[in-house]
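Quick caveat: nothing in here was measured; it's all calculated off a predicted structure.
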Amino acid sequence: MPVSDYDLLIIGGGINGAAIAREAALNGLKVLLVEKSDLASATSSASTKLIHGGLRYLEYYEFKLVREALIERERLLKAAPHLIYPLEFVLPHEHAVRPKWMIRAGLFLYDHLGGRMSLPKSRAIRGGPYLAPLKNATSGFVYSDAWVDDARLVVLNARDAADNGAEIRTRTELLSARREGEVWRAGLSDGEVTARALVNAAGPWVSEVAGRLGVHARAGARLIRGSHLIVPRLFEGEHAYILQQPDRRIVFAIPYHGHSLVGTTDVPVEGSGEARISEVETGYLLEAVNRYFTRQTGRGDIIATYAGIRSLYDDGASEARQVTRDYVLELDDEGPPLLSVFGGKITTARHLGQVAVEKLAGPMGFDATPVTAARIFPGGEIDRFDHFLAKVRARWPFLGEARSLRMARAYGSMLEAMIGDRTDLGDEFGAGLSAVEVDWLADREWARTVEDVLWRRTKLGLTGEVDEERLEVYLSAKSSPFASSEVEKR
């Protein structure tokens with residue numbers, strides 16, 4: 001076996017890279033993951049925050065993908081019950097571009113493709129509170145999927161990997177890499193390392209990284225921008241809406257930290273640079289919700305926007321909305337192995353990680369074991385969430401109603417290690433953010449900047465109540481100066 005610093009070097013700290021790192025570390029490999037910015041700093045924090053089978057993918061006969069995603073949805077609900085939880089979706093028939101029989105047939109498949117599921121099956125509705133916020137809807141359907149804090153799921157994957165021996169380096173960029181005998185020699189922004197195998201999980205930068213490696217991948221990436229609006233609450237209740245549009249696309253309207261999250265778009269882009277919503281996309285999403293909801297929303301109401309560039313496997317589809325969300329793992333084993341990741345989605349990232357390690361097992365000479373299928377994520381060791389929340393409020397009554405809910409959702413059973421017997425959480429930065437929590441995020445979750453803390457780890461940036469200057473000073477004393485926020489605030 002060749003002598004090297006690491007068994008596996010993973011490029012990219014999004015959901016795919018973190019999931020592969022977790023699976024590989026639990027299989028006993030010595031793993032280094034490098035990310036040029038923060039964990040989940042690009043696409044993996046810019047999703048629609050859903051763990052779902054992908055109801056609309058049935059229209060394109062993606063039965064295998066939907067089945068796999070539904071099975072993974074069930075696993076994830078059990079693996080992270082604090083962070084991932086059921087969400088009802090209302091599909092009104094108003095403005096429908098698909099006949100009712102097609103919707104009913106699709107929902108029947110959705111209910112049964114994944115086998116026995118814990119979530120309620122779909123049902124038809126007529127009138128009632130679900131349709132009350134809509135202009136003219138008199139009938140529709142309700143079905144179930146699940147919600148997730150996407151960026152925190154990435155962190156939990158990385159945390160579990162690190163707890164099992166993986167090294168996670170953020171703010172570390174791959175500058176070059178070459179095959180040298182039986183190992184990869186990689187030049188990083190903080191030094192040079194060797195590894196027996198390399199994984200290119202760079203998302204929108206997958207082709208750019210391949211170029212640095214001097215390899216030409218057979219598979220191709222198709223870059224699609226997905227943009228979202230955060231607007232004042234469009235409706236009451238904790239359910240969501242899936243709205244059919246005249247162009248046959250669908251737009252989600254989802255409860256989001258006291259507001260409504262509206263998205264997403266599918267816009268082809270050429271480069272992997274900064275993702276920013278366009279004026280056209282803003283108008284499209286506003287028109288999409290105003291077509292349905294009684295409560296109208298204008299540009300002046302927008303609280304925040306975000307956009308991400310999805311790196312999808314290029315299957316030759318003519319329209320962006322038709323491009324497959326399945327993934328392709330391309331193995332180049334002409335020398336030390338290189339595995340490149342094309343496509344994928346948050347829901348199926350765990351399975352992608354398992355398949356990736358299985359693909360590497362042969363050329364690397366080890367036996368892969370599927371170790372994460374029934375594994376609980378850090379913080380997920382809880383009973384029913386409502387019971388857990390009651391215990392949190394009894395254990396730390398000084399947290400209050402809003403903060404206890406937020407922290408129970410974010411950290412689950414890790415709260416005991418974070419707070420323990422403390423009754424004083426140190427300096428308060430506003431919106432319930434304390435020094436004890438910031439210390440945890442910096443020391444255990446790789447947070448280095450104000451943006452890391454407020455927009456990816458906690459979402460407290462939405463409140464506008466955090467003293468960012470004081471937080472910057474506090475973080476600077478712990479690590480490095482902060483970067484300015486990439487989220488557009490209005």
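Residues satisfying the side chain to side chain contact (heavy atoms under 4.5 Å, CB included) test with Arg169, not counting sequence neighbours, are Tyr6, Leu32, Val34, Glu167, Thr172, Leu188, Asp190, Val193. Partners of Val183 according to the side chain to side chain contact (heavy atoms under 4.5 Å, CB included) rule, which considers only residues two or more places apart in sequence or in another chain, are Pro2, Ser4, Thr194.
Under 4.0 Å is where a charged nitrogen must lie from a carboxylate oxygen, and between Arg444 and Asp163 at least one such pair does. The pair Arg225-Asp266 fails the salt-bridge criterion, with no side-chain N (NZ, NE, NH1 or NH2) lying under 4.0 Å from an Asp/Glu carboxylate O. Salt bridge status for Arg448 with Asp452: absent, with no side-chain N to carboxylate O gap under 4.0 Å. Between Asp5 and Lys30, none of the side-chain N atoms (NZ, or NE/NH1/NH2) sits under 4.0 Å from a carboxylate O, so this pair counts as no salt bridge. Salt bridge absent: Arg159 and Glu445 never bring a charged side-chain N and a carboxylate O closer than 4.0 Å. In summary, Glu437 and Arg406 engage in a salt bridge, as defined by a charged side-chain N under 4.0 Å from a carboxylate O. With salt bridges taken as basic N to acidic carboxylate O contacts below 4.0 Å, none links Asp149 and Arg409. The pair Arg470-Glu468 fails the salt-bridge criterion, with no side-chain N (NZ, NE, NH1 or NH2) lying under 4.0 Å from an Asp/Glu carboxylate O. Between Lys359 and Glu330, none of the side-chain N atoms (NZ, or NE/NH1/NH2) sits under 4.0 Å from a carboxylate O, so this pair counts as no salt bridge.
For the residue pair Asp467/Tyr474, the side-chain donor-acceptor check at 3.5 Å is not satisfied. Counting only N and O atoms by type, the side chains of Glu74 and Ser118 include a donor and acceptor under 3.5 Å apart. For the residue pair Ser45 and Asp150, no side-chain donor N or O sits within less than 3.5 Å of a side-chain acceptor on the partner. A donor atom on one side chain and an acceptor atom on the other are found under 3.5 Å apart for Glu381 and Ser413. Between the side chains of Thr348 and Glu72, no donor-acceptor pair of N or O atoms lies under 3.5 Å. A donor atom on one side chain and an acceptor atom on the other are not found under 3.5 Å apart for Thr347 and His52. Defined by atom type and a distance below 3.5 Å, a donor-acceptor pair is present between the side-chain atoms of Glu281 and Thr265.
Nearest heavy-atom pair across Leu9 and Ala195 is CB-CB, 3.7 Å. Considering all non-hydrogen atoms of both residues, Leu285 and Ile277 come closest at CD1-CD1, 4.4 Å. Across Ile346 and Ser47, no two heavy atoms sit closer than the pair CD1-OG, 3.6 Å. Considering all non-hydrogen atoms of both residues, Leu39 and Arg456 come closest at O-CD, 3.6 Å. Summarising the geometry of Pro337 relative to Met364, their closest heavy-atom pair is CG-CG, 4.1 Å, with the distance given to 0.1 Å. Minimum heavy-atom separation, Pro336 to Trp184: O-NE1, 3.2 Å.
Proximity of Phe377 to Ile84: side-chain heavy atoms (C-beta onward) are nowhere separated by under 4.5 Å. In this structure the side chain of Arg393 never reaches within 4.5 angstrom of the side chain of Leu399, judged on heavy atoms. Counting only heavy atoms from C-beta outward, the side chains of Ser260 and Ile230 never approach each other to under 4.5 Å. The shortest side-chain heavy-atom distance between Asn200 and Val341 does not fall under the 4.5 Å cut-off. Considering only heavy atoms from C-beta on, Leu50 stays 4.5 Å or farther from Val148 through its side chain. In this structure, the side chains of Arg457 and Val155 come closer than 4.5 Å at one or more pairs of heavy atoms. Counting heavy atoms from C-beta on, the side chains of Leu338 and Val199 never come closer than 4.5 Å. Contact check for Leu360 versus Leu331: side-chain heavy atoms found under the 4.5 Å cut-off.
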Should Thr449 and Val453 be marked as a side-chain contact (heavy atoms from CB on, under 4.5 Å) after you check the CA-CA gap, both sets of side-chain angles, and the distance that decides it? CA-CA 6 Å; Thr449 71; Val453 171; over 6 Å; no
CA sep, side-chain torsions, deciding dist, call: Arg249, Val251, side-chain contact (heavy atoms from CB on, under 4.5 Å): CA-CA 7 Å; Arg249 291 198 71 259; Val251 168; 4.3 Å; yes
Applying side chain to side chain donor-acceptor pair (under 3.5 Å) to His228 and Thr305, what does each step give before you reach the verdict? CA-CA 6 Å; His228 297 78; Thr305 69; over 6 Å; no
Is there a salt bridge (Lys or Arg N to Asp or Glu O under 4.0 Å) between Arg212 and Glu173 once you walk through the steps? CA-CA 12 Å; Arg212 292 184 196 178; Glu173 185 174 4; 3.3 Å; yes
I'd like to know whether Ile15 forms a side-chain contact (heavy atoms from CB on, under 4.5 Å) with Lys345, so could you lay out the CA-CA distance, the side-chain angles of the two residues, the decisive distance to 0.1 Å, and finally the verdict. CA-CA 8 Å; Ile15 188 63; Lys345 56 202 294 268; over 6 Å; no
Begin with the C-alpha distance, continue with both residues' side-chain angles, and end with the deciding distance and a verdict on side-chain contact (heavy atoms from CB on, under 4.5 Å) for Phe429 and Leu454. CA-CA 11 Å; Phe429 299 98; Leu454 297 186; over 6 Å; no
Could you go through Glu334 and Arg179, starting from their C-alpha distance and side-chain angles, then the distance that decides it, and tell me whether this counts as salt bridge (Lys or Arg N to Asp or Glu O under 4.0 Å)? CA-CA 10 Å; Glu334 295 295 321; Arg179 285 178 165 120; over 6 Å; no
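A donor-acceptor pair is defined here as one N or O able to donate and one able to accept, closer than 3.5 Å; such a pair exists between the side chain of Glu35 and the backbone of Gly13. With Arg152 contributing its side chain and Ala410 its backbone, the two residues share a donor-acceptor pair below 3.5 Å. With hydrogens and angles ignored, the 3.5 Å screen pairs a side-chain donor or acceptor of Ser404 with a backbone N or O of Gly400. Here the side chain of Asn27 pairs a donor or acceptor atom with the backbone of Thr369 at under 3.5 angstrom.
Taking the centre and axis of the six-membered ring of Trp396, the NZ or CZ atom of Lys391 falls outside the cone set by 45° and 6.0 Å. In this structure, Arg196 fails the cation-pi test against Phe366, since its NZ or CZ atom is not both closer than 6.0 Å to the six-membered ring centre and inside 45 degrees of the ring normal. Figure legend: cation-pi geometry between Lys49 and Tyr85 absent, as NZ or CZ is not positioned both under 6.0 Å from the six-membered ring centre and within 45° of its axis. Cation-pi geometry between Arg403 and Phe398 is not satisfied (NZ or CZ under 6.0 Å from the ring centre, within 45° of the ring normal).
Relative orientation of the Tyr411 and Trp440 rings is perpendicular, given thresholds of 30° and 60° on the angle between their planes. The aromatic rings of His351 and Tyr327 sit tilted, their planes meeting at an angle between 30° and 60°.
Within 6.0 Å of CG on Asp383 lie more than 12 heavy atoms contributed by other residues, nucleotides or ligands. Heavy-atom contacts from other residues, nucleotides or ligands closer than 6.0 Å to CG of Asp386 number more than 12.
Note that CD of Glu358 and CG of Asp367 are 11.5 Å apart. Values are rounded to the nearest 0.5 Å. Once rounded to the nearest 0.5 Å, the distance linking CD1 of Ile224 with OG of Ser311 reads 9.5 Å. We find the CG-CG distance between Leu352 and Asn16 to be 4.5 Å, quoted to the nearest 0.5 Å. Considering OG1 of Thr463 and NE2 of His259, their distance stands at 8.0 Å, rounded to 0.5 Å. We find the CD1-CZ distance between Ile250 and Arg56 to be 5.5 Å, quoted to the nearest 0.5 Å.
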